[in-house]
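Here the structure comes first, spelled out in C-alpha cells, and everything after it is commentary.
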Amino acid sequence: GSKSLAFKAGEDCNGCGICKSICPAGNIELVDRSPRWLEHCLGCLACIHWCPQKAIRMGDEGFFITSYHHPEISISDMRLDHFHIHLKEG
C-alpha cells in the first residue's frame, strides 16, 4: 500500500533542504531541518536522486533505489526557482 512506499530521511540527513527545493510538486516541507513529505507527490524521485547525503529512502527497508542524475544536469538546472524564471520568460 501507500504506507510501504512512504519516503523517509535517514540518520545521514543533514537538513540541507535540497529535497525541498528540487521537488516539482512542492511536496516536501522541512520541520526542524528534517524533510516531511505531504500528500501530493508526483513520484518523480528527484528528492532521492539529488540528495547529496543519499539519506532518502522510499518504502520498506529492503526496497532500495540507486540515485542517479545526468552528469550534464546541475542542481541549479533542476531547482523550482529556475523553472519558474524560464516559464515566465517563455
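Excluded from the calculations below are hydrogen atoms, water molecules and symmetry mates; all remaining heavy atoms, backbone and side chain alike, are included. Position 1 is the first residue of the sequence, and the numbers go up from there.
With rounding to the nearest 0.5 Å, the separation of CZ in R36 from NZ in K8 is 12.5 Å. Considering CG of D12 and CZ of R57, their distance stands at 7.5 Å, rounded to 0.5 Å.
G15 and L30 get closest at one heavy-atom pair: O-CD1, 4.4 Å. Contact between G43 and C41 at its shortest, heavy atoms only, is N-SG, 3.2 Å. A pairwise comparison of heavy atoms in A55 and C13 identifies CB-N, 3.4 Å as the closest pair. Here the closest non-hydrogen pair linking I56 and W37 is CG2-CZ2, 3.8 Å.
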When you look at W50 and L45, which way does the side-chain contact (heavy atoms from CB on, under 4.5 Å) test go after all the steps? CA-CA 9 Å; W50 287 92; L45 307 181; over 6 Å; no
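A donor-acceptor pair under 3.5 Å is formed between the side chain of R33 and the backbone N or O of N14. When atom types are taken as modelled, the side chain of D32 and the backbone of S34 share no donor-acceptor pair closer than 3.5 angstrom.
Evaluation of the side-chain contact (heavy atoms from CB on, under 4.5 Å) rule for L38 yields N27, E29, H40 as partners, not counting sequence neighbours.
Tracing side-chain contacts under 4.5 Å through hydrophobic residues (I, L, V, M, F, W, Y), one reaches M58 starting from I28; they form part of the same cluster.
Partner C19 forms a side-chain contact (heavy atoms from CB on, under 4.5 Å) with one of P52, C51, C47 and no other, that one being C47.
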